[in-house]
Protein chains: 2
Amino acid sequence: MQKAARLSQPARPPGRPREFDMDTALDRALRVFRERGYHATSIGDLTAAMRLATGSVYKAFRDKQAVFLAAFERYVALRQEQTRSAAGRGKNGRDRLRNVLLSYVEHSQGIEGRRGCLVVGSAVELSAVDPVIRARVSAQLETNESFIAGLIREGQADGSIPEHVEADDTARLMICITQGLRVVGKARLPLDGERLASVAMKLLA
Amino acid sequence: MQKAARLSQPARPPGRPREFDMDTALDRALRVFRERGYHATSIGDLTAAMRLATGSVYKAFRDKQAVFLAAFERYVALRQEQTRSAAGRGKNGRDRLRNVLLSYVEHSQGIEGRRGCLVVGSAVELSAVDPVIRARVSAQLETNESFIAGLIREGQADGSIPEHVEADDTARLMICITQGLRVVGKARLPLDGERLASVAMKLLA
DNA sequence: TATAATAGGGAATGATCGTTTCCAAATAAA
DNA sequence: TTTATTTGGAAACGATCATTCCCTATTATA
């Protein structure tokens, strides 16, 4: 099959090349999915948002669920980047955790908040009905949870968080807080980052 | 059957009387809505669950949204009863709050947890699309929040919760916890009531 | 009894959904 | 060129959806 591929060349696949940028299209798709959820988003909504014809979408993806899954993966990657970046702006474990919480509140609030979170949306709307998505959502929640547990342990190592804090239990509760923030933000209740983060930091006492 | 209607009798309305029990039917409807959400629940699913014909449903309700709204109201009433009852089993404010948290975790976990919460489901799936439901959801979140704030203030009055605790901020964070518990429970992660409640009670320190 | 009013129930309806099909266009290889 | 392969795009398709219609059954009242 593979003749060419002249060492480290990208090696263009045969046939007409794709005209649209996949990441751009996925960004547009995930925005609609976040806003309206899976079932309330029709293929027509998707093609309009992605600026593609129906046929093009079905050339690039097997079906609607595949579009959703791809959008989900992109969303999770982007969010993870933002969260890690927030954690980076901290001088110790406790500080990093506080910044992560603040970042979560900020993303759960205002315009971004009412756009919603794809993880929360998938958990609520799809996990009862789609085992593939449910497994993906659970895995992501566990990834996020162990990231937080890691920050707690870092804080305990650098002395900014007491040793008696139960890292795993506290991390699980904090995951509940972050997911709950998205629910409350979606319902458009105002969220004050400083106030909420201050209260939440008591969990590290 | 009865002649009657003699002063203060319920006074049966004209025409053929309803054969089914409304609350029973709503209980069945809300169960499907909780499990699958609004859009994934078809009228066919509803009539099967409620054991009514399509026509009967449309005789009793204006449309699908009206069924949902009625189911929502019944769900909220039932849950409020359960939560108040849990609060009742406590000797002081702090104890009542702990019981409420424990009750929330229990309902967010296991079979009941994967059935999901109609408030969370509505917030996530419908608040972007349906202003009526969004307003109802926001109002309910605020009701729940002020119930919790009230318990905190009770605890401060009876000395079981320190005065320096910010009742409103803490209540809002606790609402996030409860809503987040439902998200995490829907994704089927295990939730340990004792452990989570113990950690959460640190917010009252 | 006859009439009016409402509920029960299933078939019919029209809209919308996700998906497929088909043809023209673009690219690489032969 | 020609051929093979893939994309772009719109029209077509069948399934399913929420809703309406219509007929029968049941009640209270005249």
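Here is how names work: the chains are called A, B, and so on, in the same order as the sequence lines, proteins then strands, and each is numbered from 1.
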Please tabulate, for the side chains in residues 46-58 of chain A, all donor-acceptor contacts under 3.5 angstrom to protein atoms that are two or more places apart in sequence or on a different chain.
| residue | atom | partner | partner atom | Å |
| --- | --- | --- | --- | --- |
| T47(A) | OG1 | I43(A) | O | 3.2 |
| T47(A) | OG1 | G44(A) | O | 3.0 |

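Straight-line distance from the CG atom of D45(A) to the P atom of dT19(C): 14 Å, rounded to whole Å. Atom P of nucleotide dA18(D) and atom CZ of F61(B) are separated by 15 Å, given to the nearest angstrom. As a whole-Å value, the separation of I43(B) CD1 from dT19(D) P is 6 Å. With rounding to whole Å, K64(B) atom NZ is found 19 Å from dA15(C) atom P. Atom pair Q65(A):CD and dC17(C):C1' shows a separation of 17 Å (rounding to whole Å applied). Atom C1' of nucleotide dT20(D) and atom CZ of R62(B) are separated by 15 Å, given to the nearest angstrom.
Looking only at distances, no side-chain donor or acceptor of S127(A) sits under 3.5 Å from a matching main-chain atom of V124(A).
Evaluation of the side-chain contact (heavy atoms from CB on, under 4.5 Å) rule for A66(A) yields F61(A), R62(A), D63(A) as partners, not counting sequence neighbours. R182(A) is linked by a salt bridge (Lys or Arg N to Asp or Glu O under 4.0 Å) to nothing, counting only residues two or more places apart in sequence or in another chain.
Taking CD of E73(B) as the reference point, atom CZ of F68(B) lies at 10.5 Å (rounded to 0.5 Å).
For the pair E112(B) and R34(B), the salt-bridge criterion is met [side-chain N within less than 4.0 Å of a carboxylate O].
One finds no side-chain N or O of Y58(B) lying less than 4.0 angstrom from the OP1 or OP2 phosphate oxygen of dT20(D).
C176(A) approaches I177(B) most closely through the heavy-atom pair CB-O, 4.1 Å.
The side-chain hydrogen bond (donor to acceptor under 3.5 Å, both in side chains) analysis of residues 189-205 of chain A, with sequence neighbours excluded, yields the pairs R98(A)-E194(A), R195(A)-D169(B).
A heavy atom closer than 4.0 Å to some atom of DNA chain D occurs in T41(B), S42(B), these being the qualifying members of residues 29-42 of chain B.
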Legend entry - Sugar-phosphate or base contact per nucleotide [nucleotides 3-8 of chain D; S, B, -; heavy atom under 4.0 Å]: --BBBB
